[in-house]
Amino acid sequence: MPSPPISPAAATAYFEFRSAEHVPETHEWPGLHDHPSVDAVAAAGRDDAVPVVDLGGGGDPAAVARALARAAEEWGAFLLVGHGVPEGVAARMEEQIARLFALPAADKDRAARRPGEMNGYGRPPYALRFSRLMWSEGYTFAAATIRDEFRRVWLDGGDDYLRFCEVMEEHHREMMALGKRLVDVFFRALGVTDEQIAAGETEREIRETLTATMHLNLYPKCPEPERAIGLAAHTDSGFFTLIMQSPVPGLQLLRRDPERWVTVPAPPGAFAVVLGDLFQLLTNGRFRSAFHRAAVNGDRDRISVPYFLGPPGGMQVAPLAAAVPPGRKPAFRPVTWPEYMRVKGKASGLDASALAMLQVPEEGEEGGVVPPKN
Ligand SMILES: C=C1C[C@]23C[C@@]1(O)CC[C@H]2[C@@]12CCC[C@@](C)(C(=O)O1)[C@H]2[C@@H]3C(=O)O
Ligand SMILES: O=C(O)CCC(=O)C(=O)O
Ligand SMILES: [Fe+2]
């Protein structure tokens with residue numbers, strides 16, 4: 001993206017999306033249509049159909065693991081169904097999130113993310129790198145600190161606050177349980193047996209110490225959706241992200257050869273799952289992180305709730321022994337999540353190319369390059 005970054009004044013000013021009749025220059029993104037977009041419905045049943053992984057339905061666990069491995073290797077993303085999360089959770093989340101973002105600007109600004117902090121209302125951390133603003137409002141918080149975080153918004157701690165927190169906590173409980181189940185299926189998909197998972201200290205530690213960050217996105221309907229972007233293209237940096245989304249498509253995945261954006265369908269009840277860079281490292285490059293973005297809609301608001309799962313800040317993430325071919329060295333050196341974020345922050349790209357800096361050259365090689373995704 002072009003530099004220089006947006007001025008601090010423009011970056012913190014509150015923008016009233018609801019009254020905008022046009023996309024102002026501050027929110028207009030060049031290059032959005034450099035690659036064609038492939039519609040989810042048109043892609044159904046063809047190469048560009050986003051993979052679907054069904055966790056339930058009495059399916060054969062080995063078949064589920066195979067479907068997951070394929071999706072993780074070829075796309076780094078998939079739709080997850082048959083997960084068992086009760087239907088009402090998503091509807092309650094949407095209702096509460098719409099209420100949060102509809103609060104007066106002063107209430108939200110009290111909880112504005114301060115420089116250098118992770119939690120709060122405002123633009124996501126990577127927004128600082130762009131010279132344009134995105135068509136969205138966001139709120140980030142550690143799933144473990146919901147009650148403290150939202151006292152900043154609802155000072156009285158009254159019924160609205162309590163109801164909001166209960167719904168966020170319900171979602172957190174469901175997502176953490178689902179995330180842990182999915183970790184086991186990912187391990188199985190790598191060829192680790194249930195006995196090895198039970199015996200393997202690393203595998204157990206990864207599952208039992210998962211940390212969760214929640215990010216609430218509101219993409220207000222946009223008068224000129226072709227000129228704006230809800231969330232600019234990036235890869236997530238953690239292990240994987242479970243995304244609850246309104247039944248309004250918007251998430252797009254970059255596919256290559258030729259480059260094109262594929263829109264992920266948004267059937268009610270399905271979660272979109274996106275793999276992050278540290279999962280690519282953990283699986284020694286076998287499973288790929290997905291380069292993705294969120295488009296906006298001309299007719300309807302869209303809400304999404306990415307639930308970012310990753311290691312605790314102090315954990316060194318290294319390729320799993322089960323993912324390294326016999327007789328070969330691990331392809332990456334160990335790294336903590338905060339250290340990786342610093343490496344990625346210094347790298348010029350917003351994708352997994354920062355992983356190349358952590359690659360261990362093969363014997364006799366000068367250095368390594370991560371092969372192109374997808
Ligand atoms: C856990 C996290 C992942 C994230 C940074 C964060 O601390 C919370 C927000 C996440 C997000 C969402 C939008 C894109 C992104 C790159 C960003 O700047 O903030 C991701 C971060 C990430 O995955 O690296
Ligand atoms: O809105 C979406 O579907 C994607 C959100 C996302 O990629 C993010 O918050 O990191
Ligand atoms: Fe993302």
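Every number for a ligand or one of its atoms is a count from 1 in the order of the listing. Small disclaimer: the values here were computed from a predicted structure and weren't measured.
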Colleague: Does G120 offer a backbone N or O that forms a donor-acceptor pair with the side chain of R114 under 3.5 Å?
Modeller: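 Absent.
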
Colleague: Measuring from atom 5 (C) of ligand 1, which candidate in H215, K344, M118, M341 has the nearest non-hydrogen atom?
Modeller: M341

Colleague: Please work out, at 4.0 Å between heavy atoms, whether the side chain, the backbone, both, or neither of D236 comes within that distance of ligand 1.
Modeller: both

Colleague: Return yes when H292 approaches ligand 2 closer than 4.0 angstrom through a heavy atom, no otherwise.
Modeller: yes

Colleague: Tell me the protein heavy atom at minimum distance from atom 13 (C) of ligand 1, and give that distance in Å.
Modeller: P124 CB, 3.7 Å

Colleague: Closer than 4.0 Å to some heavy atom of W337 - which atoms of ligand 1 meet that?
Modeller: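 Going through ligand 1 atom by atom, the ones under 4.0 Å from W337 are 1 (C).
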
Colleague: Determine, using heavy atoms of G250 and all atoms of ligand 2, whether some pair is separated by less than 4.0 Å.
Modeller: no

Colleague: Among side-chain atoms of Q252 and T263, is any donor-acceptor pair under 3.5 angstrom?
Modeller: yes

Colleague: Before you tell me yes or no, could you show the steps for E25 and R132 under salt bridge (charged side-chain N to carboxylate O under 4.0 Å, His left out), namely the whole-Å CA-CA distance, both residues' side-chain angles and the distance that decides it to 0.1 Å?
Modeller: CA-CA 8 Å; E25 214 186 323; R132 304 295 157 109; 5.4 Å; no

Colleague: Between R163 and E166, does a salt bridge (charged side-chain N to carboxylate O under 4.0 Å, His left out) hold up when you go through it step by step?
Modeller: CA-CA 5 Å; R163 181 74 191 127; E166 279 162 14; 3.5 Å; yes

Colleague: Starting from atom 8 (C) of ligand 1, what is the nearest protein heavy atom, named by residue and atom, and what distance separates them?
Modeller: T140 CG2, 3.5 Å

Colleague: Name whichever N, O or S atom of D236 ends up nearest to the Fe ion (ligand 3).
Modeller: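 The D236 atom nearest to the Fe ion (ligand 3), restricting to N, O or S, is OD1.
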
Colleague: Using a 3.5 Å distance criterion without hydrogens, assess whether the side chain of D301 forms a donor-acceptor pair with backbone atoms of K221.
Modeller: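 A pair under 3.5 Å: yes.
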
Colleague: Can you list the atoms of ligand 2 that are under 4.0 Å from a heavy atom of N217?
Modeller: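 Near N217, the atoms of ligand 2 are 5 (C), 9 (O).
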
Colleague: Tell me which one of Y340, Y126, F308 gets a heavy atom nearest to atom 11 (C) of ligand 1.
Modeller: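 Heavy atom nearest to atom 11 (C) of ligand 1 belongs to F308.
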
Colleague: Here's one to test your reading of the geometry: is the NZ or CZ of R255 within 45 degrees of the ring axis of W75 and under 6.0 Å from its centre?
Modeller: yes

Colleague: Does the plane of the ring in F17 sit parallel, tilted or perpendicular to the ring in W135? Use 30° and 60° as the thresholds.
Modeller: perpendicular

Colleague: Would you mind finding which of P306, A212, S237 brings a heavy atom closest to atom 22 (C) of ligand 1?
Modeller: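 Nearest option to atom 22 (C) of ligand 1, by heavy atoms: S237.
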
Colleague: Where on D236 is there a heavy atom closer than 4.0 Å to ligand 2, on the side chain, on the backbone, on both, or on neither?
Modeller: side chain

Colleague: Is a side-chain donor-acceptor pair under 3.5 Å present for D277 with T235?
Modeller: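 Side chains of T235 and D277: pair found under 3.5 Å.
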
Colleague: Out of R293, R302, H234, H215, who is nearest to atom 10 (O) of ligand 2 when you count heavy atoms only?
Modeller: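 Minimum heavy-atom distance to atom 10 (O) of ligand 2 goes to H234.
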
Colleague: Kindly indicate whether atom 17 (C) of ligand 1 is approached by any protein heavy atom to under 4.0 angstrom.
Modeller: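 Given the 4.0 Å limit, the answer for atom 17 (C) of ligand 1 is yes, a protein heavy atom qualifies.
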
Colleague: Which protein non-hydrogen atom lies closest to atom 6 (C) of ligand 2, naming both residue and atom, and how far is it?
Modeller: L231 CD2, 3.3 Å

Colleague: Is any side-chain heavy atom of F141 closer than 4.5 Å to one of L216?
Modeller: yes

Colleague: Considering only the protein, which heavy-atom contact is closest to atom 19 (O) of ligand 1, and what is its distance?
Modeller: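 Result: P125 CD, 3.3 Å.
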
Colleague: Ignoring angles and geometry beyond distance, decide whether Q245 reaches within less than 3.5 Å of ligand 2 through its nitrogen or oxygen atoms.
Modeller: no

Colleague: Provide, to 0.1 Å, the distance between atom 2 (C) of ligand 2 and the closest protein heavy atom, together with that atom's residue and name.
Modeller: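 Heavy-atom neighbour on the protein nearest atom 2 (C) of ligand 2: S304 OG, 3.4 Å.
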
Colleague: Going by salt bridge (charged side-chain N to carboxylate O under 4.0 Å, His left out), R92 matches just one of E170, E169, E87. Which one?
Modeller: E170

Colleague: Atom CZ in R188, atom CG in L182: separation rounded to 0.5 Å?
Modeller: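 Interatomic distance, R188 CZ to L182 CG, rounded to 0.5 Å: 10.5 Å.
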
